[in-house]
Amino acid sequence: QVRLVESGGDLVPPGGSLRLSCVASGVILDYYNVGWFRQAPGEQREGVACISRSARKIYYADDVKGRFTISRDNAEKTVYLHLNRLEPRDTGIYYCAAVPSNDEAYCTSDYFGPDFFPSWGQGTQVTVSS
């Protein structure tokens with residue numbers, strides 16, 4: 001069973017940057033597609049970015065394209081999410097989630113959603129406010 005631990009959340013002003021980390025343990029991360037999701041107060045959890053096991057497929061939600069970058073280091077069992085030009089609407093708890101699969105289609109618009117990812121971390125809080 002994969003264990004995921006997120007870190008890096010903080011309070012930042014609009015226009016600021018953060019780097020979130022998701023560290024996996026108990027598994028070989030190479031076998032997993034990994035996604036970042038966020039949930040704002042009173043809102044449903046939404047997908048933000050996804051990186052396939054080989055990193056050949058990368059998906060971003062429309063409202064973070066050009067501002068967020070997802071990457072992975074399988075040797076370090078870590079997936080990163082770089083958040084730039086942050087806006088108040090980016091505020092929320094950010095979760096990483098993983099699914100083991102040879103199929104990299106999980107990181108496409110057709111399949112990237114919370115229901116397809118069975119393993120989750122506890123989340124890290126990002127607050128964008130002046």
Side-chain angles (χ1 to χ4, degrees):
Q1 180 73 14
V2 62
R3 180 169 180 260
L4 303 171
V5 179
E6 304 94 332
S7 63
D10 205 346
L11 169 64
V12 295
S17 298
L18 285 173
R19 187 184 78 167
L20 306 184
S21 299
C22 171
V23 179
S25 60
V27 296
I28 298 174
L29 190 62
D30 305 49
Y31 300 150
Y32 286 77
N33 302 295
V34 179
W36 282 95
F37 298 80
R38 68 185 177 192
Q39 189 166 19
E43 302 289 334
Q44 288 189 336
R45 196 168 296 188
E46 62 177 357
V48 174
C50 186
I51 186 165
S52 68
R53 51 180 290 180
S54 71
R56 281 196 293 265
K57 288 196 185 294
I58 291 178
Y59 173 85
Y60 295 102
D62 286 343
D63 64 345
V64 306
K65 282 180 183 175
R67 300 190 298 123
F68 292 7
T69 303
I70 190 170
S71 62
R72 64 189 296 157
D73 183 336
N74 286 343
E76 295 295 323
K77 296 187 177 183
T78 303
V79 174
Y80 301 99
L81 186 67
H82 297 258
L83 293 67
N84 297 309
R85 290 185 280 136
L86 281 160
E87 304 172 4
R89 61 189 173 100
D90 296 316
T91 294
I93 300 174
Y94 283 67
Y95 301 89
C96 68
V99 54
S101 177
N102 289 325
D103 189 350
E104 298 188 310
Y106 283 94
C107 292
T108 64
S109 59
D110 288 339
Y111 294 104
F112 182 47
D115 292 344
F116 291 101
F117 287 74
S119 300
W120 291 79
Q122 84 292 344
T124 186
Q125 176 71 46
V126 172
T127 304
V128 185
S129 175
S130 54

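Residues: numbered from 1 along the sequence shown. Heavy-atom basis, side chains included; hydrogens, waters and symmetry copies ignored. What you see is a predicted model, and the numbers here were worked out from it, not measured in a lab.
- Note: the hydrophobic cluster containing L11 does not contain V126 (ILVMFWY, side chain heavy atoms under 4.5 Å, direct or indirect links).
- In this structure, CZ in R3 is found 8.0 Å from CD in Q122, a value given to the nearest 0.5 Å.
- Each of V2, T78, V34 was evaluated against L29; a single residue qualifies, V34, per the side-chain contact (heavy atoms from CB on, under 4.5 Å) test.
- Under a 4.5 Å side-chain heavy-atom cut-off, the cluster of Ile, Leu, Val, Met, Phe, Trp and Tyr residues that includes Y111 is completed by F37, Y59, I93, Y95, V99, Y106, F112, F116, F117, W120.
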Q: Applying side chain to side chain contact (heavy atoms under 4.5 Å, CB included), run through Y32 and D30 and close with a yes or a no.
A: CA-CA 6 Å; Y32 286 77; D30 305 49; over 6 Å; no

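- Across all their heavy atoms, A49 and L81 have their closest contact at CB-CD1, 4.0 Å.
- Distance alone, capped at 3.5 Å, places no donor-acceptor pair between the Y94 side chain and the G8 backbone.
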Q) After noting the C-alpha distance and the side-chain angles of T127 and D10, does the key distance pass the side chain to side chain contact (heavy atoms under 4.5 Å, CB included) rule? A) CA-CA 6 Å; T127 304; D10 205 346; over 6 Å; no

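- Among all heavy-atom pairs drawn from S130 and P14, the shortest one is N-CD, 3.7 Å.
- The two residues P118 and P100 have their closest heavy-atom pair at CG-CD, 4.5 Å.
- Note on V23: it does not cluster hydrophobically with V48, by side-chain heavy-atom contacts below 4.5 Å among ILVMFWY residues.
- To the nearest 0.5 Å, atoms CG (L20) and OG (S7) are separated by 8.0 Å.
- Under the 4.5 Å side-chain criterion, counting only non-hydrogen atoms from C-beta, V64 is not in contact with W36.
- Here the CG-OG distance, from L86 to S129, works out to 12.0 Å after rounding to the nearest 0.5 Å.
- Side-chain contact, E6 with S21: no donor N or O sits under 3.5 Å from an acceptor N or O.
- Rounding to the nearest 0.5 Å places OG1 of T124 at 14.0 Å from CZ of R38.
- With sequence neighbours excluded, no residue forms a salt bridge (Lys or Arg N to Asp or Glu O under 4.0 Å) with E76.
- R89 meets the salt bridge (Lys or Arg N to Asp or Glu O under 4.0 Å) test with D63, E87; sequence neighbours excluded.
- Looking only at distances, a side-chain donor or acceptor of K77 sits under 3.5 Å from a matching main-chain atom of V27.
- Counting non-hydrogen atoms of other residues, nucleotides and ligands closer than 6.0 Å to CD of Q1 gives a total of 12 or fewer.
- Residues satisfying the side chain to side chain donor-acceptor pair (under 3.5 Å) criterion with S17, sequence neighbours excluded, are N84.
- Salt-bridge formation is not detected for the pair E104/R53: no Lys NZ or Arg NE/NH1/NH2 atom is positioned less than 4.0 Å from an Asp or Glu carboxylate oxygen.
- Of all heavy-atom pairs spanning A24 and L4, the tightest one is CB-CD2, 3.8 Å.
- Other members of the cluster containing Y80 do not exist, because no ILVMFWY side chain is joined to it at under 4.5 Å.
- Looking at R72, its side chain does come within 3.5 Å of a backbone N or O of S52 through a donor-acceptor pair.
- In terms of heavy atoms, R85 sits closest to D90 at O-OD2, 4.4 Å.
- Not counting sequence neighbours, D110 has no partner by the side chain to side chain donor-acceptor pair (under 3.5 Å) test.
- Between R67 and L83 there is no side-chain heavy-atom pair separated by less than 4.5 Å.
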